[in-house]
Amino acid sequence: MTPFTEKVIKIIQEIPEGKVMTYGQIAGLAGNPRASRQVARILHSMSRKHRLPWHRVINAKGKIAVQDEETFLEQKTNLIIEGVEVGEKGIINLEKYQV
DNA sequence: CCATTGACTCGGA
DNA sequence: GTCCGAGCCAATG
């Protein structure tokens, strides 16, 4: 894989519990602030094999970006378990939980 | 190699 | 607060 992809994966794995990161933020740390979409792609495609904590990754609006209902609930639940407050619509307080 | 895709972002209405 | 359009770019087929 490309260095970008590997970095993204590594960064995601280092997100502390009870905290979240946005796609753009991760993309920036990986070296390409504009590649936020790839971060998302990598997330959902690599999550199976690498067991990434993808649930700690949300979009810049502070909301869960998943459109699939089941996946959405799974992410929301996982975050709550880790102590992150998540609104009914997947809204998260970035000021408080973003790394 | 070219075209499409997407768990995004930003700025404007 | 919401909705839209344009921009970006690695991965996929």
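Excluded from the calculations below are hydrogen atoms, water molecules and symmetry mates; all remaining heavy atoms, backbone and side chain alike, are included. Chain letters run A, B, ... following the sequence lines, proteins first, then strands; residues in each count from 1.
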Rounded to the Å, how far apart are [X] [atom1] and [N] [atom2]?
X        : N       : atom1 : atom2 : value
Gln25(A) : dA7(B)  : CD    : P     : 20 Å
Glu69(A) : dA7(B)  : CD    : P     : 16 Å
Met46(A) : dA10(C) : CE    : P     : 15 Å
Tyr23(A) : dC9(C)  : OH    : P     : 19 Å
Asn59(A) : dC3(C)  : CG    : P     : 14 Å
Ile15(A) : dA7(B)  : CD1   : C1'   : 14 Å
Leu94(A) : dC10(B) : CG    : P     : 11 Å
Glu70(A) : dA7(B)  : CD    : P     : 16 Å

* Answer with yes or no whether the hydrophobic clustering places Met21(A) together with Phe72(A); edges join I, L, V, M, F, W, Y residues whose side-chain heavy atoms lie under 4.5 Å apart. => no
* Is it possible for you to say whether Val99(A) and Val84(A) belong to one hydrophobic cluster, with membership spreading through side-chain heavy-atom contacts below 4.5 Å? => no
Compare side-chain N and O positions of [X] against OP1 and OP2 of [N] and report whether any pair is under 4.0 Å apart.
X        : N       : answer
Thr5(A)  : dA10(C) : no
Asn32(A) : dA10(C) : yes
Lys61(A) : dC3(C)  : no

Of all the choices, [options], which nucleotide is nearest to the side chain of [X] once you look at every atom?
X        : options                  : answer
Ala60(A) : dA10(C), dT9(B), dA7(B)  : dT9(B)
Gln67(A) : dA7(B), dC10(B), dG6(B)  : dA7(B)
Arg37(A) : dA7(B), dT9(B), dG6(B)   : dG6(B)
Arg34(A) : dA11(C), dC8(C), dC10(B) : dC8(C)

* Touch class at under 4.0 angstrom, heavy-atom based, for Lys89(A) against every strand present -> nothing
* Quick one: on DNA chain C, does Ser36(A) or Ser45(A) contact a more 5' nucleotide (nearest heavy atom)? -> Ser36(A)
